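Computed from a prediction, not measured in an experiment: that's the story for all the values here. The analysis underlying the following values was restricted to heavy atoms, covering all of them including side chains, and did not include hydrogens, waters or symmetry mates.
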Amino acid sequence: MIYIKYLKKNGLYNLFKGVIDMTKATLKLETLTCPSCLQKIERGLKQTTGVKKDSVKVLFNASKVKVDFDENQVNLNTIEKAIEDLGYPVISSKVKEGA
């Protein structure tokens, strides 16, 4: 929090706003069956407005997706729907506290 106050005080907050204000989420999916599933989910989420493109990580063996997103542009329900629209049911999701 001190770091954010420093940035605001020195007029640098807007430079880092997209990084600082990102929300981190982990979504648990039904078992992924092939590597092409991983690529399909990554491509789909990277095209979703508000998702930090280089943050999308699909963990094949754990059937999890980790993603950072801007809550001012997209919410967790929209991300879940984007994954489900690709054909992969979301079992659970959670936002990392303090992100």
Practice prompt. Indicate the atoms forming the closest heavy-atom contact of A82 with T48, along with that distance.
Written response: CB-OG1, 4.1 Å
Indicate every side-chain donor-acceptor pair of residues 32-39 with a distance under 3.5 Å to a residue at least two apart or in another chain.
none

Item to complete: With sequence neighbours left out, write down each residue that passes side chain to side chain donor-acceptor pair (under 3.5 Å) with E71, or none if nothing qualifies.
Response: T23
Item to complete: Check whether L27 and L59 end up in the same hydrophobic cluster, where Ile, Leu, Val, Met, Phe, Trp and Tyr are linked by side-chain heavy atoms less than 4.5 Å apart.
Response: no
Worksheet item: Under a 4.5 Å cut-off applied to non-hydrogen side-chain atoms, are D54 and K52 in contact?
Response: yes
Discussion item. A side-chain contact here means heavy atoms from C-beta on lying under 4.5 Å apart; do K28 and S63 qualify?
Written reply: yes
Practice prompt. Side-chain contact test, heavy atoms from C-beta onward, threshold under 4.5 Å: evaluate it for N77 versus E80 and give yes or no.
Written response: yes
Practice prompt. Start with the C-alpha gap between L45 and I83, add the side-chain angles, then the distance that decides, and say whether side-chain contact (heavy atoms from CB on, under 4.5 Å) holds.
Written response: CA-CA 7 Å; L45 287 180; I83 294 171; 3.9 Å; yes
Worksheet entry | Heavy-atom closest pair, residues S55 and D68 | OG-N, 2.9 Å
Fill in: Shared hydrophobic cluster for V95 and V65 (ILVMFWY, side-chain gaps under 4.5 Å)
yes
Worksheet item: Can F60 be reached from I91 by stepping across I, L, V, M, F, W or Y side chains whose heavy atoms are under 4.5 Å apart?
Response: no
Response to the item:
So NZ of K96 and NZ of K66: to nearest 0.5 Å the spacing works out to 8.0 Å
Item to complete: Begin from the C-alpha positions of T49 and Q73 and carry the test side-chain hydrogen bond (donor to acceptor under 3.5 Å, both in side chains) through to its verdict.
Response: CA-CA 7 Å; T49 302; Q73 296 181 7; over 6 Å; no
Fill in: Atom of E42, atom of V58 and distance for their closest heavy-atom approach
CG-CG2, 3.5 Å
Fill in: Heavy-atom check, side chain of K24 versus side chain of F69, under 4.5 Å
no
Worksheet item: Ignoring hydrogens and geometry, is there a side-chain-to-backbone donor-acceptor pair from K53 to K46 under 3.5 Å?
Response: yes
